[in-house]
2 protein chains.
Amino acid sequence: MRADARRNRDKILEAARDAVAERGADAPMELIARRAGVGVGTLYRRFPDRSVLLDALAEQYVHELLDSLDRAVAAEPGAWAAVRAFVVHTVDKGRGAIAAALAGTTAPQARQALVLRLDELVRQAQAAGAMRSDVGVDDLMELLSVFACHPGVIPDRFLPLMLDGLEKRSLEKAARKA
Amino acid sequence: MRADARRNRDKILEAARDAVAERGADAPMELIARRAGVGVGTLYRRFPDRSVLLDALAEQYVHELLDSLDRAVAAEPGAWAAVRAFVVHTVDKGRGAIAAALAGTTAPQARQALVLRLDELVRQAQAAGAMRSDVGVDDLMELLSVFACHPGVIPDRFLPLMLDGLEKRSLEKAARKA
DNA sequence: TCCTAAGCGGAATGTAGGCTTCCGGTTCTA
DNA sequence: TAGAACCGGAAGCCTACATTCCGCTTAGGA
């Protein structure tokens, strides 16, 4: 693969990510091409159809989430803190719409890895008594999707509330204050 | 207006409500007509363009919400209980997508009435110390929209959590248990 | 019962937005 | 410097809708 071709491939992937985040999984191919500063022809040569592009995107994204999760685990003192940090970071980055758009559809094996890793962490947090135990990974994944679909005011206002709801200690803390 | 014409008008409104709930504000006119068991021509004679139909829908819906709110106030013992019941009922009925789709767009005066009424109730609940005071009507309306957009598992799992988060007493209750 | 204005259905038309292909020109790189 | 790999984007095709139009049907008053 020629150097310029690889460069274009990367630009396309980046543009696609933005476009999909904004307009959903059926963002126009032409829009993606324009944003990448590339002709549609180039886009189609590299990704013969939309699903190929989407797959590539999903895989890339899930890997980033995995990295982000690892970083959270390394940086935070406990399992619950790591979960919390991961959720906040993911929602903040605001690219979650991709995850939402692609949720069940693509890159199932990569997604699975993420889910397993997160599940492990959730169980730890719950075992440590730091997190409500009537909520599971699947709930968390859905939560991410929802917040991802409503960028802006919704996450800002409700994410902390939601996280408080998931945390056990905060309940005690709040009550102690009252 | 002839009797059959009125009958059709009602059928159209009902079909439109379903269609908009499922497919958003730009649900195909033809779909609406088919569901109403009516030709497109009939639809267009009654509602010259989409916006007229949407307005009628929004007005009808907001009035229902107002009724529902009044009923909740009459049936429940306190302001917070009424707010809670209203939210649950609205999300359950699952037609909230209409509200979401139409949110800022239409029937502003009717919507305003609902917001005022709900605001009053929220303030009461907060004054009585039953509800978190860092959340307002606007937040509540947005919350409704979000849950409305994600029918199914999301509301089922998270609405109670969210409501717990909004309630003050539940915090104390939970802590007491722990 | 009969008449006719009010209604009705749905084919036909017009339009917009997108997908994909194709090919003449351009750019790497061996 | 040859030529294989690449590029851009115009062109054609297609799907999905909105909206109009008109010949047929029907409610409901005289």
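Chain letters run A, B, ... following the sequence lines, proteins first and then strands; every chain starts at 1. Quick caveat: nothing in here was measured; it's all calculated off a predicted structure.
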Spacing of [X] atom [atom1] relative to [N] atom [atom2], expressed in whole Å:
X      : N       : atom1 : atom2 : answer
R35(B) : dG10(C) : CZ    : C1'   : 19 Å
R9(A)  : dC6(D)  : CZ    : P     : 13 Å
R6(B)  : dA27(D) : CZ    : C1'   : 16 Å
K11(B) : dG7(C)  : NZ    : C1'   : 12 Å
I12(A) : dC6(D)  : CD1   : P     : 12 Å
F47(B) : dT19(D) : CZ    : P     : 14 Å

**Report entry** Given DNA chain D, 5'-ward residue of the pair G41(B) and Y44(B), judged by closest heavy atom
**Finding:** Y44(B)

Name the closest nucleotide to the [X] side chain, picking from [options].
X      : options                   : result
M29(B) : dT29(C), dA18(D), dT20(C) : dA18(D)
R2(A)  : dT21(C), dA4(D), dG8(D)   : dA4(D)
A3(A)  : dT19(D), dG9(C), dT29(C)  : dT29(C)
T42(A) : dT19(D), dG8(D), dC8(C)   : dG8(D)
V40(B) : dC8(C), dT20(C), dT19(D)  : dT19(D)
P28(A) : dA18(D), dG9(C), dC19(C)  : dC19(C)

Counting any heavy atom closer than 4.0 Å, what does [X] reach on the DNA or RNA strands: base, sugar-phosphate only, or nothing?
X      : result
R46(A) : sugar-phosphate
R50(B) : sugar-phosphate
D26(A) : nothing
A33(B) : nothing

Query - Residue whose nearest DNA chain C nucleotide is more 5′ - M1(A) or D4(B) - result: D4(B)

Query raised in the report: If you find the nucleotide of DNA chain C closest to E30(B) and the one closest to N8(B), which residue's nucleotide is nearer the 5' end?
Result: N8(B)

**Report entry** Spacing of R17(A) atom CZ and E22(A) atom CD [to the nearest 0.5 Å]
**Finding:** 13.0 Å

Query raised in the report: So how far is it from M131(A) CE to E167(A) CD, rounded to the nearest 0.5 Å?
Result: 10.0 Å

Requested in this report: May I ask you to verify if any side-chain N or O of R23(A) is less than 4.0 angstrom from the OP1 or OP2 atom of dG18(C)?
Outcome: yes

Query raised in the report: Within a reach of under 6.0 Å around CZ of R50(A), are more than 12 heavy atoms found that belong to other residues, nucleotides or ligands?
Result: yes

Requested in this report: Sort out for me which residue in I32(B), D26(B), L31(B) forms a side chain to side chain contact (heavy atoms under 4.5 Å, CB included) with P28(B).
Outcome: L31(B)

Requested in this report: Evaluate the criterion salt bridge (Lys or Arg N to Asp or Glu O under 4.0 Å) for residue pair R117(B) and E120(B); output intermediate values, then yes/no.
Outcome: CA-CA 5 Å; R117(B) 188 86 189 72; E120(B) 189 186 326; 3.8 Å; yes

